[in-house]
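As structure tokens, the structure follows; a few thoughts come after it.
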Amino acid sequence: MPKIRFDNFSGGLAKTPWKGTRGSFVALAGLDIHSTPGVVRANQRLVKEDTGGVVEDLINFFLIGNKITSHLHGLSERGNIYRKQRGGAWEVVFRDPDYGTRQGNMRGAVEYKDYFFWTNGRGKIYRKNVGTVNNDPLDWRDVGIYQSIDAVQDEFWIPMYVLDLKLWVGSKNNLYLIRWNATTNNFDFARSLTFEDHLNCRSLGSISSDVIIGFETNSPSVLTEIKRWDTVATSWNVADKYINEPSVNVFLPVENYLFFHGGYGGNIYLFDGFRSRKMFSIPGDFSIFDRFSIRPGAVAIWSGLTLFGFSQETFSAKTTVLQGIYSLGRRDKDFPLVLNLEYIVENGARQPLLNNLMVGSIVPWRDTFYVSWKDIGSGEIGISYFDLNQKCPHAFLETRIMELGGIEVKKIGINYADLPQGTGFRVKYKKNYESEWRDLGRLVNDAKMKQVYAVQSIPNVNTLQLRVEFIVSGNSSPSLRSIFVEV
């Protein structure tokens, strides 16, 4: 009998349910497609941490005092700074004078030269010494305002970026420089560039030793820009003025490339140093009434992949766009760069949060990584960590739609590489554009052939789409090798 087979998973996420590159799928959620090419397993679980009720609002940025303490700190949207010592509980160590107001919202943060630097909505730059023995990093009474720059409106960020031992700060249409002066044993501060009035600094990155500035326009009807500056010339060297988006939200460094997320949808562009071009799109139906983003603190490098938290900024009960921790990367040079919904965030009830999720920040810490998030539907706040001892129980994939021309489907199955005790697969299907998934039912396991399947007559199939859910047990996951359909 003729077979349709899915045995290549290196294409990542497809652009639509009908079209995609070879080996791409409509949905890949909570799955590891990179570690063993040709085999798919459930990824590790993100487990919500019990903060004892201390963490009351969304953390916008995680920072780590690397030299002495390596404690984890979270700077929040209401003006709190939280700290978690190694093996300890969460605690509040600082509150902004504008705590609880929009002006107290932490708009930018970075560690530079053994100091934490951060800004609030009033444009105040604070600093705290966290890396010298003579200045106790556990004592936060020495926090002070370092400089005052431009106050920003609610929706704007103040990006902060370290490049070549210099700290760059973008606020409104200005770029500032903070640099350590070994002669005075203090920091120098100066305004370096001023840009056109309709531009607001939204993101900072780098190519080689050049600083890259991404902007948000004052009007959605105006195209945004990227400027490149060698930090030596009296003005920027390159300007890409034809980016068909209202904003350059965040830069995504991948290998030696610089990508960015543009606008309010799911478009990801490549900036080659001179011009930008659209390369990827998060799949789903994007409404003009929805607003999605990648927040400035929600980008990290983990296991050779660039991770980013894809967030929904406005509540929607109808969105089909999946949110969570995506990756952009590949196994090695022999495989394409692809998108994958790498990790699924779950709430306190251990249910997956795939819609109306806001991801504040991601940070590797010790042998794991942490994620801050908010359910904008229920208002639940959370911090989750990568659990080395549990696989994700919500992992699934969905194939692209197959056009079969009204024939009968006789058998659907999965070839597996490994099926540990207590693990398995649940297969569902949609026939002829049905809105709800049908359960295929019990699968027969042929251990000798390493195959699970269901012999079931499905007549008059014009279109067929499959969904495979991974059943895990503790830290064990089944290993899927291929999916087949016999007609």
Side-chain angles (χ1 to χ4, degrees), residues 1-43 280 283-284 322 326-327 330-331 334-342 392 394-405 407-419 423-434 437-441 443-446 449-458 461-472 477-487:
M1 291 182 287
K3 281 187 179 180
I4 301 169
R5 186 183 297 272
F6 298 89
D7 58 3
N8 180 356
F9 306 93
S10 63
L13 291 172
K15 296 184 183 300
T16 74
W18 300 273
K19 294 294 183 180
T21 58
R22 184 172 181 269
S24 65
F25 288 76
V26 174
L28 292 164
L31 293 171
D32 177 5
I33 64 172
H34 295 293
S35 295
T36 307
V39 174
V40 180
R41 301 182 182 90
N43 239 320
F280 301 98
L322 299 182
Y326 280 79
S327 68
R330 57 183 166 183
R331 164 78 179 195
D334 296 326
F335 296 87
L337 287 170
V338 296
L339 287 173
N340 180 34
L341 178 46
E342 199 82 18
C392 175
H394 316 294
F396 67 93
L397 64 79
E398 294 173 7
T399 69
R400 300 200 307 272
I401 293 173
M402 297 165 269
E403 296 182 343
L404 302 182
I407 63 176
E408 177 189 5
V409 170
K410 300 176 181 178
K411 183 178 180 181
I412 298 175
I414 292 172
N415 293 307
Y416 60 83
D418 191 23
L419 196 68
T423 70
F425 302 98
R426 183 179 298 108
V427 180
K428 299 179 180 180
Y429 68 93
K430 287 181 181 179
K431 167 188 170 182
N432 301 339
Y433 299 110
E434 292 171 327
W437 293 101
R438 299 191 193 189
D439 198 319
L440 189 62
L443 302 178
V444 177
N445 182 17
D446 186 338
M449 295 295 293
K450 287 196 169 185
Q451 183 179 100
V452 294
Y453 61 89
V455 177
Q456 184 177 130
S457 174
I458 307 175
V461 180
N462 184 39
T463 64
L464 182 69
Q465 186 179 19
L466 300 179
R467 175 184 171 106
V468 178
E469 299 173 355
F470 287 62
I471 301 170
V472 302
S477 167
S479 301
L480 186 152
R481 180 66 187 88
S482 66
I483 306 165
F484 63 87
V485 177
E486 291 188 1
V487 297

Closest approach of Ala14 to Pro283 (non-hydrogen atoms, all atoms of both residues): O-CB, 3.5 Å
Approximate separation, where rounding is to 0.5 Å, of Phe6 CZ and Asn8 CG: 11.0 Å
Approximate separation, where rounding is to 0.5 Å, of Arg467 CZ and Ile483 CD1: 12.5 Å
From Arg438 atom CZ to Gln456 atom CD, the distance as rounded to the nearest 0.5 Å: 9.0 Å
Residue pair Asn462 / Asn432: nearest heavy atoms and the distance that separates them: N-OD1, 2.7 Å
Exam field: side chain Lys450 to backbone Ala417, donor-acceptor pair closer than 3.5 Å: yes
For Arg5, all residues meeting side chain to side chain contact (heavy atoms under 4.5 Å, CB included), sequence neighbours excluded: Lys3, Asp7, Asn415, Ser482
Any residue meeting salt bridge (Lys or Arg N to Asp or Glu O under 4.0 Å) with Arg426, in chain and number order, not counting sequence neighbours: Glu469
Whether Thr463 side chain and Tyr433 backbone form a donor-acceptor pair below 3.5 Å: yes
N/O donor-acceptor pair under 3.5 Å between Thr16 side chain and Lys19 backbone: yes
CA sep, side-chain torsions, deciding dist, call: Leu341, Leu28, side chain to side chain contact (heavy atoms under 4.5 Å, CB included): CA-CA 6 Å; Leu341 178 46; Leu28 292 164; 5.8 Å; no
From CG (Leu464) to CD1 (Ile407), nearest 0.5 Å: 9.5 Å
Result of checking Leu480, Leu443, Asp446 against Val452 for side-chain contact (heavy atoms from CB on, under 4.5 Å): Leu443
Heavy-atom pair with the smallest gap, counting every atom of Ile412 and Val409: CG1-CG1, 3.9 Å
Min side-chain heavy-atom separation Lys428-Phe396 under 4.5 Å: no
Crowding at CD, Glu403 (>12 non-hydrogen neighbours, <6.0 Å): no
Residues forming a side chain to side chain contact (heavy atoms under 4.5 Å, CB included) with Thr423, sequence neighbours excluded: Leu419, Pro420, Ser473, Ser476, Pro478
Over all atoms of both residues, closest heavy-atom pair of Asn43 and Glu342: ND2-OE2, 3.1 Å
Expected output: side-chain Asn340 to main-chain Leu31 donor-acceptor under 3.5 Å: yes
Test item: Gln465 side-chain N/O and Glu398 main-chain N/O as donor-acceptor pair under 3.5 Å: no
Heavy-atom side-chain proximity of Leu466 to Met402 below 4.5 angstrom: yes
Separation between CG of Leu13 and CZ of Phe25, rounded to the nearest 0.5 Å: 10.5 Å
Partners meeting salt bridge (Lys or Arg N to Asp or Glu O under 4.0 Å) with Lys430 (sequence neighbours left out): none
Pairing residues for Phe425 by the ring-ring contact (aromatic ring centres under 6.0 Å, His included) criterion, not counting sequence neighbours: Phe470
Atom of Phe9, atom of Arg481 and distance for their closest heavy-atom approach: CE1-O, 3.4 Å
Minimum heavy-atom distance Arg400-Thr21, with the two atoms named: NH1-O, 3.3 Å
Partners passing side chain to side chain contact (heavy atoms under 4.5 Å, CB included) against Val338 (at least two apart in sequence or in another chain): Ile33, His34, Pro336
Note, Glu486 side chain near Tyr453 side chain (heavy atom, < 4.5 Å): no
